[in-house]
**Q** 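Once you've had a glance at the structure underneath, I'll fire off some questions.
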Amino acid sequence: MEMLKWIQELFASYGYSVLFLGLLLEFVALPFPGETTMAFAGFLSYTGRLDFPTLIVVAFAGTTVGMTITYFIGLKLGLPFIQRYGKWFLFSPAKLEKTQRWFERYGSILISMGYFVPGVRHFTGYFAGIIALPFRKFALYAYSGALFWVLLFLGIGKIFGPQWMGIFHLFETYAPWIIMGAVAIAALILIYRYRRTISHRLLRRKAAIPLKANMEVKVKKTSKSR
């Protein structure tokens with residue numbers, strides 16, 4: 001409750017800039033309750049005190065600017081700098097190791113997924129820069145993930161209104177499982193929707209394999225006859 005009171009006072013004093021600066025600072029790895037602030041901002045839009053489309057633009061801008069800054073810090077200064085000075089950004093060796101393990105397991109898609117993983121999202125930008133991931137690839141994953149993350153938590157406050165806190169805590173507890181379930185459902189829907197196209201392509205590929213094999217056999221026979 002103290003945190004909510006503090007966030008409410010910030011919005012009353014500084015308006016939309018709280019969301020932009022707060023999310024930017026969070027992704028530089030400074031302590032700021034980004035998800036709680038977005039959900040509360042969504043609730044304020046539910047009450048009519050803030051404009052929802054403006055919140056989306058401001059939150060998306062703060063998130064992507066913060067992520068982009070961390071990417072270029074990691075790219076220009078590298079792992080030795082993070083290991084030496086990371087403690088000033090709350091970037092402990094344990095968190096660095098955790099982020100590295102997640103990158104090894106999930107690859108670049110972690111940049112999108114990482115928004116929903118506590119203790120990881122703050123450092124995926126740094127690590128993407130450290131491993132010199134191409135910026136276009138980084139931006140594709142980082143910005144699409146940012147849009148989904150922003151829409152989700154602003155939407156919790158906007159849609160559920162006075163009940164936003166209960167839904168927020170439920171999602172916060174089970175976020176990784178909910179996201180994986182949503183991705184799995186979306187994949188199944190896409191497969192079902194495009195099942196004929198997928199089936200047609202698989203049949204074409206299957207038919208092409210014997211043809212390719214026959215051509216190779218003919219080439220071999222021709223070369224032997226020569």
Side-chain angles (χ1 to χ4, degrees), residues 16-17 19-30 32 34-35 37-38 53-86 88-91 95-155 175-176 178-191 193-194 197-198 201 205:
Y16 295 100
S17 60
L19 204 55
F20 176 82
L21 292 173
L23 291 173
L24 190 157
L25 292 174
E26 182 183 11
F27 281 90
V28 179
L30 297 175
F32 184 82
E35 292 173 342
T37 303
M38 284 193 291
T54 303
L55 286 174
I56 294 172
V57 172
V58 171
F60 179 74
T63 300
T64 53
V65 169
M67 279 287 279
T68 304
I69 288 172
T70 60
Y71 170 83
F72 282 108
I73 290 175
L75 184 67
K76 299 298 182 182
L77 301 179
L79 187 58
F81 176 85
I82 299 298
Q83 289 174 329
R84 185 171 182 179
Y85 299 105
W88 299 105
F89 299 94
L90 306 181
F91 202 161
K95 288 179 179 178
L96 176 62
E97 185 180 349
K98 182 179 180 181
T99 305
Q100 187 172 2
R101 288 200 308 270
W102 278 74
F103 251 103
E104 290 171 355
R105 182 178 298 180
Y106 298 107
S108 300
I109 199 171
L110 175 65
I111 299 170
S112 295
M113 288 177 51
Y115 288 99
F116 303 94
V117 183
V120 169
R121 71 170 172 268
H122 309 94
F123 311 117
T124 51
Y126 288 109
F127 206 80
I130 288 169
I131 64 173
L133 189 73
F135 182 75
R136 286 187 179 181
K137 192 172 185 179
F138 164 78
L140 174 65
Y141 286 107
Y143 298 170
S144 59
L147 183 60
F148 182 50
W149 186 64
V150 163
L151 286 172
L152 182 63
F153 282 96
L154 287 174
I178 293 172
I179 295 303
M180 284 190 284
V183 170
I185 291 170
L188 288 172
I189 291 171
L190 287 172
I191 290 170
R193 184 172 180 179
Y194 297 102
T197 303
I198 294 170
R201 288 183 178 179
R205 186 175 294 180

**Q** When the ring planes of F138 and F135 are compared, do they come out parallel, tilted or perpendicular, using 30° and 60° as the limits?
**A** tilted
**Q** Nearest heavy-atom pair of T70 and G125: which atoms, and what distance?
**A** OG1-CA, 3.4 Å
**Q** Where do R121 and G114 come nearest, in terms of heavy atoms and distance?
**A**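 Here R121 and G114 meet closest at CB-O, 2.7 Å.
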**Q** Determine whether I111 and M67 make a side-chain contact, defined as any pair of heavy atoms from C-beta on separated by less than 4.5 Å.
**A**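 Contact flag for I111/M67 side chains = yes.
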**Q** Are any side-chain N or O atoms of Y71 and backbone N or O atoms of A139, one a donor and one an acceptor, separated by less than 3.5 Å?
**A** no
**Q** How close do V150 and T63 get, counting heavy atoms only, and between which atoms?
**A**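 Shortest heavy-atom contact: CG2-OG1, 3.9 Å.
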**Q** Can you measure from CG (L55) to CZ (F20) and round to the nearest 0.5 angstrom?
**A** 14.0 Å
**Q** Within this structure, what is the CZ-CG distance for the pair F60 and L154, rounded to the nearest 0.5 Å?
**A**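 The CG atom of L154 is 12.5 Å from CZ of F60, to the nearest 0.5 Å.
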**Q** If every non-hydrogen atom of G34 is compared with every non-hydrogen atom of L23, which pair is closest and at what distance?
**A** CA-CD2, 3.7 Å
**Q** Within the supplied structure, the quantity of interest is the number of heavy atoms (other residues, nucleotides, ligands) at a distance under 6.0 Å from I109 CD1; does it exceed 12?
**A**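 No, CD1 of I109 has 12 or fewer neighbouring heavy atoms, counting only those of other groups under 6.0 Å.
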**Q** Shortest non-hydrogen contact from L75 to A132?
**A**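 Here L75 and A132 meet closest at CD1-CA, 3.9 Å.
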**Q** Working to the nearest 0.5 angstrom, can you tell me the gap between F153 CZ and F148 CZ?
**A** 9.5 Å
**Q** Mind checking whether T68 and Y143 have side chains closer than 4.5 Å, heavy atoms only?
**A**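 Yes. Closest side-chain heavy atoms under 4.5 Å.
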**Q** How many angstroms lie between CD1 in I56 and CG in L147, if you round to the nearest 0.5 Å?
**A**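 Rounded to the nearest 0.5 Å, the CD1-CG separation comes to 8.0 Å.
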**Q** What I'd like to find out is whether the side chain of M113 reaches to under 4.5 Å of the side chain of Y141, using heavy atoms alone.
**A**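 Answer no - side chains too far apart.
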**Q** To the nearest 0.5 angstrom, please state how far the OG1 atom of T124 sits from the CG atom of L133.
**A**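 One finds 10.5 Å between OG1 of T124 and CG of L133.
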**Q** Are F27 and Y115 close enough, and set up right, to give a ring pair (Phe, Tyr, Trp, His ring centres under 6.0 Å), and what steps lead you there?
**A** CA-CA 10 Å; F27 281 90; Y115 288 99; 5.7 Å; yes
